[in-house]
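Report on one structure; see the data block that follows.
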Amino acid sequence: MTVKELMTGYTPNPSFEGVLTTDDLVFAIDLTKEGTDPKTYTVLQVGISGIDAQLTADTVDSNYIRAGKSSTKTGTQRNIKVTGDRFIGDDAQDALFGIDNVYATGQDAVFPGVLFNLKTGKGEKADYTCVVNSDGGGTAGANATIDVDFKKVGDKPEEYTYAAE
């Protein structure tokens with residue numbers, strides 16, 4: 001499912017106020033890796049039970065005479081952890097767990113992506129390195145679980161706002 005297909009029937013309201021749920025988050029990647037139109041990106045949704053978008057600050061600590069310890073923030077890393085059940089036949093999962101991606105290195109493991117919420121349509125657009133931690137595992141009789149990290153590449157992401165055509 002593409003972002004455009006998902007958003008059919010949704011009208012984002014930039015001034016929305018209220019509780020945001022995980023079901024309101026949209027994370028989509030460009031399986032072609034061309035990064036042209038985010039509306040054509042593939043939504044990670046089928047079989048996905050968790051999207052955990054974390055920010056980790058990089059800091060440098062220094063001690064100063066009579067002032068003590070001080071931390072200077074030098075950067076921020078976005079990590080989006082996607083977990084769920086392996087669903088064969090879903091375009092996104094089939095691409096992520098294909099042998100070419102599981103063993104990809106360098107630029108071959110990078111996907112353009114968007115992370116935004118359905119309520120406001122606001123979020124960010126960036127390139128993400130895809131790190132497959134588990135492509136299906138678990139205990140007998142249970143669904144095979146997946147675990148993938150998407151780590152922001154490069155500088156600050158661009159602001160992204162979904163707008164219907």
Side-chain angles (χ1 to χ4, degrees), residues 3 6-7 10 12-45 47-85 92-93 95-97 100-138 145-163:
V3 169
L6 173 71
M7 294 304 290
Y10 287 100
N13 176 1
S15 59
F16 167 81
E17 292 182 4
V19 175
L20 183 69
T21 69
T22 305
D23 287 352
D24 297 326
L25 294 177
V26 177
F27 180 55
I29 58 174
D30 183 6
L31 298 180
T32 69
K33 299 186 178 186
E34 294 173 6
T36 50
D37 181 6
K39 290 179 183 173
T40 66
Y41 291 8
T42 302
V43 177
L44 279 78
Q45 175 173 301
I48 304 304
S49 58
I51 297 176
D52 187 9
Q54 295 289 315
L55 296 168
T56 304
D58 296 320
T59 60
V60 173
D61 295 333
S62 301
N63 280 308
Y64 297 107
I65 296 173
R66 288 177 293 283
K69 194 170 192 173
S70 180
S71 295
T72 303
K73 183 179 172 187
T74 59
T76 302
Q77 175 66 19
R78 164 76 75 191
N79 181 40
I80 302 169
K81 180 174 278 299
V82 176
T83 56
D85 295 330
Q93 285 203 28
L96 293 178
F97 302 118
D100 289 340
N101 187 62
V102 169
Y103 293 100
T105 60
Q107 199 62 31
D108 291 337
V110 175
F111 290 89
V114 290
L115 174 67
F116 68 98
N117 78 66
L118 293 169
K119 300 291 188 190
T120 65
K122 294 179 182 180
E124 60 189 49
K125 178 179 183 244
D127 288 339
Y128 298 92
T129 295
C130 176
V131 179
V132 175
N133 300 311
S134 174
D135 61 351
T145 59
I146 58 167
D147 181 341
V148 182
D149 287 325
F150 291 87
K151 297 175 181 273
K152 180 191 68 65
V153 174
D155 204 4
K156 178 178 152 184
E158 296 175 35
E159 284 188 39
Y160 174 77
T161 301
Y162 178 85

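What you see is a predicted model, and the numbers here were worked out from it, not measured in a lab.
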Q) Are the side chains of Q93 and L44 in touch, meaning some heavy atoms are under 4.5 Å apart? A) no
Q) Quick one: does N79's side chain have a donor or acceptor within less than 3.5 Å of a partner on Q54's backbone? A) no
Q) Mind checking what makes side chain to side chain donor-acceptor pair (under 3.5 Å) contact with D61, not counting sequence neighbours? A) S71
**Q.** Within residues 13-33 or reaching into it, pairs that qualify as ring pair (Phe, Tyr, Trp, His ring centres under 6.0 Å) - sequence neighbours excluded
**A.** F27-Y128, F27-F150
Q. Is the closest side-chain heavy-atom distance between I146 and V132 below 4.5 Å?
A. no
Q) More than 12 non-hydrogen atoms from neighbouring residues, nucleotides or ligands closer than 6.0 Å to CG on D58, yes or no? A) yes
Q) Any side-chain heavy-atom pair from L20 and L25 closer than 4.5 angstrom? A) yes
Q: Compare all side-chain heavy atoms of T83 with those of D52 and state whether any distance is below 4.5 angstrom.
A: no
Q. Between CG of D155 and CG of D127, what distance do you get to the nearest 0.5 Å?
A. 11.5 Å
Q: Give, for atom NZ of K151 and atom OG1 of T129, the distance between the pair rounded to the nearest 0.5 Å.
A: 9.0 Å
Q: Just do the side chain to side chain contact (heavy atoms under 4.5 Å, CB included) check on V114 and V26 with the steps written out, would you?
A: CA-CA 8 Å; V114 290; V26 177; 5.7 Å; no
Q) Just wondering, do S49 and D85 contact through their side chains at under 4.5 Å, heavy atoms? A) no
Q.
So, using salt bridge (charged side-chain N to carboxylate O under 4.0 Å, His left out) as the criterion, who are the partners of D147 when residues are at least two apart?
A. K81
Q) Side chains of P14 and T161: closer than 4.5 Å at any heavy-atom pair? A) no
(Q) Under 4.0 Å between a side-chain nitrogen and a carboxylate oxygen: does that hold for R78 and E124? (A) yes
**Q.** Over all atoms of both residues, closest heavy-atom pair of N101 and A95
**A.** CB-O, 3.4 Å
Q.
Are the side chains of T72 and S62 in contact, using a 4.5 Å heavy-atom criterion?
A. no
(Q) Can you give me the closest heavy-atom contact between Y41 and K125, atom names plus distance? (A) OH-CE, 3.5 Å
Q. Looking only at heavy atoms, which two atoms of G106 and V110 are closest? And how far apart?
A. O-CG2, 3.8 Å
**Q.** Minimum heavy-atom distance G121-P12, with the two atoms named
**A.** N-CB, 3.6 Å
Q.
Could you report the tightest heavy-atom contact between T145 and S134, atom names first, then the distance?
A. O-OG, 3.5 Å
(Q) Using 0.5 Å steps for rounding, measure from the CG atom of L115 to the NZ atom of K122. (A) 14.5 Å
(Q) Checking K39 against Y162 for the side chain to side chain contact (heavy atoms under 4.5 Å, CB included) test, could you report, in this order, the C-alpha distance in whole Å, the side-chain angles of both residues, the deciding distance, and whether it holds? (A) CA-CA 8 Å; K39 290 179 183 173; Y162 178 85; 3.8 Å; yes
Q.
Among residues at least two apart in sequence or on other chains, which ones pass side chain to side chain donor-acceptor pair (under 3.5 Å) with D135?
A. none
Q | side-chain hydrogen bond (donor to acceptor under 3.5 Å, both in side chains) contacts in which one or both residues fall within residues 105-117, not counting sequence neighbours | A | N117-T120
Q | Under the salt bridge (charged side-chain N to carboxylate O under 4.0 Å, His left out) test, residues paired with K156 that sit two or more places apart | A | none
(Q) What I'd like to find out is whether the side chain of F111 reaches to under 4.5 Å of the side chain of D30, using heavy atoms alone. (A) no
Q | Shortest non-hydrogen contact from C130 toward L96 | A | SG-CD2, 3.7 Å
